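One structure is given here, and the rest of the page talks about it.
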Amino acid sequence: MIKITLPDGSSRDVESGTTPAQIAAEIGPGLAKAALAARIDGEVRDIMRPLEADTELALITSRDEADALELARHDYAHVLAEAVQALWPGTQITFGPATDDGFYYDVMAPESRAPFSMDDLPAIEEKMREIISADKPLIREAWSRADLIKRWQDGGEAFKAEWAAELPDGEELTVYWSGEPGSDGAWMDMCRGPHLASTGKLDPKAFKLTRVAGAYWRGDQKNAQLTRIYGTGWLNKKQLNAHLHMLEEAAKRDHRKLGQEMDLFHLQHEAQGSVFWHPKGYMIWRELEAYMRRKMDGAGYNEIKTPQLMDVRQWTQSGHWGKYAENMFAVPDMVPDVESEEEAVAPKVADDADWMAIKPMNCPAHVLVFKQGIKSYRDLPVRLGEMGCCHRNEPHGALHGLMRVRQFTQDDAHIFCTEDQVVDEVRAFCRLADSVYQDFGFTYHVKLALRPEQRFGSEEDWDKAEQELRDAVAEAGMDNDDYGWEELPGEGAFYAPKLEWHLTDAIGRTWQVGTIQGDRVLPERLDASYVGEDGGRHRPVMLHRAIFGSYERFIGILIEHFAGRMPCWLAPVQAVVATITSEADGYAGEVEAKLKAAGIRVEADLRNEKINFKVREHSLAKVPHLLVVGGREAEEGTVAIRTLGSQGQRIMPVEEAIAMLKDEATPPDLRN
RNA sequence: GCUGCUGUAGCUCAGUGGUAGAGCGCGUCAUUGGUAAUGACGAGGCCGGGAGUUCGACUCUCCCCAGCAGCACCA
């Protein structure tokens, strides 16, 4: 007999070999039906897998959403692979895990047919529904490595065979059958599990195959290219629909689409990955920049401006040229030869030309500013800020609208401080970042990215650097679930651990923006020092930090977060005065002038168009306030205000409207 | 960078081996209207770039470039 302890503290004694499903049945028929899997001593396991020792057991039902989703998605992936092989025998299967919103499976089409495409998805979906409807039991079996390899080799499954041969020794190798093992139509995959009890536990209406894409065997570019079939999978149709709706919403908010519609910016291939900001888009930038200047000035930073181009020798010394040269833009330091009559397609570069490189980051330049003159411990902390324009030669395939660009401007700063000041500085930064994100209405998670495998610096330095960041977050009161506090092993930069701020936007997506990193490597490499109390030279710690990350990306996030409807203080045009008939033109001009004098970004729309048309246009342009004026308003000295997102209008005297708009147009940090 | 798809008017897109079309936008004219599209007429295109096949290529083939999706990358 073995002893099973349940979550409510009760326990029962059962025969060894009893399954969680049987225990569920003993507790009640309702639970037996609802139970999807079991948590055994904290580990999720199949509900049909026999128990062999004393354990703590908790049954997982669809109420345990995270676990249930993970199980269902993993099962969908298996059903997907089974369906593909049923439809096209000879297809090789590889891996198929759950993802954040569904699942995928990497497969290789047989030679007899072309790689899978979107056109194949409906047939695969149909077959998957059949498999689900058949309610095939999912049965776990342990196999020997030799049997497994033979099985895969016999089946022509080269990828699986390769993987089976490399699975670590000592791990039990398991397969899952879909259908009674060996029976007609039974299918199997090598898998660690766990799985649901049968395919029928899945909802045939709660998944959808979404796309196909190329992926490499084991994620390595050198390996064979497979076809990855993606699906989104949920526990029920309602969840699926909600998710599909979110995707539609995200497509509507796409900053690239809105950027064009709202005339904010454009990209063109003569300057790929670099943004052409139009007047309206740059107005958002200017407001953000002014805001951030006020914030940083108020927090004791000093703003500087450093060179775009520096001698490659400088980048060699900082270590960037050795490690990141392939992502840097370099230019020869030479006068081009213009003698030639030919058009200078490719200027000749002399063999002995010196090379300069455009900065991919601001830190080395900031160290050089810090190093000017002699710094005393009394001068520290030194906080140097820069709206630093950087260039990184990102791979073509990585570029994406404003989110991933080659030229970007960071709200960058470096804090040079003593060892004793690190925690205080990091804590102050946590508070500063918090106030900024709150001003934009974002919630966020704070994460600590710990030392990566490849890194500079001693273990003691890393221990210390990680602990400092932890302590600072604790002191700021953010090391808890409210702030999504989490530590991410192996995710840090090669020179420092980093705190990361992940914003959650209006439709639930997350974006990593802010960061602070405690760096002891660069001050060493560039020989930065200060004179301590003892009269000796000491290394400052260098904190790299940013709150927006980059203006480009942050504006992209804001556009998507607000779906283009920027809060009034950021809106490029805050109000439009629109006339109903031309007899109100004069009055509209007066109203416009008054609003301008009050500092409101206003335009007058005197076009010979119907008011319906004007309302529609300015609503689509997402102008926060529309001030409609006709004969009545002109006579009474009023305006009829229609606010974006509301249906009706309010008639009020011009002065009142100005006061209201002025208030709304005040940046959040200047209120009260 | 890799794989796949796409590239036609300012925008969104249709189209055919015989040098192109729609809607919106733009211009002109008429219309002066009360809160999400007034009507008529008109002007816009080297059909991404290069090479090839062909009597003839926007259309077929190849190469290049860019965009999109995914992968890889993201100091």
Side-chain angles (χ1 to χ4, degrees), chain A residues 104 106 114-119 210-230 254 256-257 260-261 263 266-273 315 318-328 359-364 390 392-401 403-406 408 452 454-456 491-496 498 512 515 517 519 521-522 544 549 553 578-585 606-621 626-633 640-644 646-651:
Chain A
Y104 67 78
D106 287 347
F116 300 109
S117 74
M118 291 292 283
D119 299 337
T210 48
R211 59 179 176 262
V212 297
Y216 301 103
W217 167 236
R218 305 171 82 159
D220 190 329
Q221 286 198 27
K222 290 194 253 340
N223 289 338
Q225 177 111 24
L226 309 167
T227 305
R228 178 167 298 177
I229 302 176
Y230 279 94
D254 191 312
R256 293 165 299 183
K257 179 168 164 276
Q260 185 177 72
E261 285 172 8
D263 194 20
H266 85 270
L267 296 156
Q268 65 180 64
H269 62 80
E270 284 77 2
Q272 50 175 302
W315 296 110
S318 68
H320 295 97
W321 191 248
K323 231 174 160 70
Y324 295 105
E326 74 273 19
N327 287 315
M328 290 171 68
K359 65 177 171 183
M361 53 182 31
N362 307 298
C363 7
C390 298
R392 294 180 190 172
N393 197 349
E394 302 286 1
H396 291 76
L399 302 175
H400 182 89
M403 301 303 190
R404 189 85 179 267
V405 287
R406 284 180 160 174
F408 55 91
Q454 296 210 338
R455 57 182 180 260
F456 286 177
E491 301 271 317
F494 73 91
Y495 54 84
K498 51 181 180 177
Q512 200 232 298
T515 180
Q517 308 159 10
D519 177 10
V521 173
L522 202 58
H544 305 246
R553 188 152 172 277
T579 52
I580 295 174
T581 68
S582 56
E583 59 183 28
D585 285 2
L606 309 183
R607 290 176 304 169
N608 177 12
E609 296 290 352
K610 292 193 174 182
I611 193 61
N612 284 325
F613 181 81
K614 293 186 183 180
V615 167
R616 177 181 157 81
E617 271 216 330
H618 297 118
S619 299
L620 290 174
L626 187 59
L627 280 53
V628 176
V629 295
R632 283 209 293 276
E633 288 76 11
I641 294 200
R642 182 186 168 113
T643 296
L644 187 62
S646 65
Q647 292 298 318
Q649 67 260 8
R650 281 185 296 161
I651 315 274

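Treat the numbers as computed from the prediction; the structure is a model and nothing was measured. Reminder, nothing fancy here: chain letters follow the sequence lines and each chain counts from 1.
- The side chain of A/His400 contributes no N or O atom lying less than 4.0 Å from OP1 or OP2 of B/C74.
- For A/Phe613, taking side-chain heavy atoms from C-beta onward, the closest of the listed nucleotides B/A75, B/C73, B/U38 is B/U38.
- Across B/A36, B/A66, B/C74, the shortest atom-to-atom separation from the side chain of A/Asn612 is found for B/A36.
- Contact annotation for A/Glu633: base contact, defined as any heavy-atom pair under 4.0 Å involving a base atom.
- If you check B/U16 for Watson-Crick or wobble pairing at under 3.5 angstrom, you find it has no partner at all.
- Across B/C2 and B/C58, the matching P atoms stand 29 Å from one another, rounded to whole Å.
- Of the listed nucleotides (B/A69, B/G33, B/G70), B/G33 has the atom at the smallest distance from the side chain of A/Thr581.
- Remark: the A/Arg404 side chain and the B/C73 base include a donor-acceptor N/O pair separated by less than 3.5 Å.
- What separates CG of A/Asp585 from P of B/G33 is a distance of 13 Å, to the nearest Å.
- At a threshold of 4.0 angstrom between heavy atoms, the contacts of A/Lys610 include nucleobase atoms, whether or not backbone atoms are also involved.
- Applying the 4.0 Å criterion to OP1 and OP2 of B/C71, one finds that A/Tyr104 has every side-chain N and O outside that range.
- In this structure, of B/A75, B/U35, B/G70, it is B/A75 that holds the atom nearest to the side chain of A/Tyr324.
- Nucleotides B/C73 and B/G15 are separated by 39 Å at their P atoms, to the nearest Å.
- Pair assignment for B/A57 gives none, since no Watson-Crick or G-U wobble pairing has each distance under 3.5 Å.
- Across all strands shown, B/C26 pairs with B/G42; the Watson-Crick or G-U wobble distances both stay below 3.5 Å.
- Nearest to the side chain of A/Arg632, among B/A75, B/A37, B/G34, sits B/G34.
- Side-chain proximity of A/Gln647 to B/C71, B/A36, B/U35: nearest is B/A36.
- In this structure, A/Gln649 does not reach the B/U35 phosphate: none of its side-chain N or O atoms is under 4.0 Å from OP1 or OP2.
- Across the P atoms, B/U16 and B/U61 are found 15 Å apart, a figure rounded to whole Å.
- Base pairing annotation: B/C5 forms a Watson-Crick or G-U wobble pair with B/G67, both donor-acceptor distances under 3.5 Å.
- Listed nucleotides B/A75, B/G34, B/A72 differ in distance to A/Ile611; the shortest reach to its side chain belongs to B/G34.
- Among the protein residues, A/Gln260 comes within range of the sugar-phosphate backbone only, with heavy atoms under 4.0 Å from sugar or phosphate atoms but none that close to a base.
- A/Gly648 comes within contact range of no nucleotide atom at all, as no heavy-atom separation falls under 4.0 Å.
- Between the base of B/A36 and the side chain of A/Arg642 there is a donor-acceptor pair shorter than 3.5 Å.
- Relative to the side chain of A/Phe494, the nucleotides B/A75, B/A36, B/G33 differ in distance, and B/A75 lies closest.
- Applying the 4.0 Å criterion to OP1 and OP2 of B/C71, one finds that A/Arg218 has every side-chain N and O outside that range.
- Look at B/G44: its glycosidic torsion is within 90° of 0, and that puts it in the syn range.
- Between B/U8 and B/A66, the two C1' atoms lie 16 Å apart (nearest whole Å).
- Base contact: A/Ala640 has a heavy atom under 4.0 Å from a base atom.
- Straight-line distance between the C1' atoms of B/C26 and B/G10: roughly 8 Å, to the nearest whole Å.
- Put simply, CG on A/Asp106 is 16 Å from P on B/G4, counting in whole angstrom units.
- Nearest nucleotide to the A/Arg616 side chain, out of B/A37, B/C74, B/G70: B/A37.
- Atom NZ of A/Lys257 is separated from atom P of B/G10 by 21 Å (rounded to the nearest Å).
- Considering only the side chain of A/Arg256, B/A69 comes nearest among B/C73, B/A75, B/A69.
- Distance noted for atom C1' between B/G27 and B/C13: 23 Å (whole Å).
- In this structure, CG of A/Leu267 is placed 21 Å from P of B/G48, rounded to the nearest angstrom.
- Nearer the 5' end of RNA chain B, as judged by each residue's closest nucleotide, is the contact made by A/Arg607, out of A/Arg607 and A/Leu626.
- Nucleotides B/A37 and B/C24 place their C1' atoms 10 Å apart, quoted to the nearest Å.
- Separating the P atom of B/C60 from that of B/A14 is a span of 15 Å, rounded to the nearest Å.
- Ring-plane geometry between A/Phe494 and A/Tyr324 is classed as tilted, the angle between the planes lying from 30 to 60 degrees on a 0 to 90 degree scale.
- In this structure, B/U35 makes no Watson-Crick or G-U wobble pair, since no nucleotide meets both defining distances under 3.5 angstrom.
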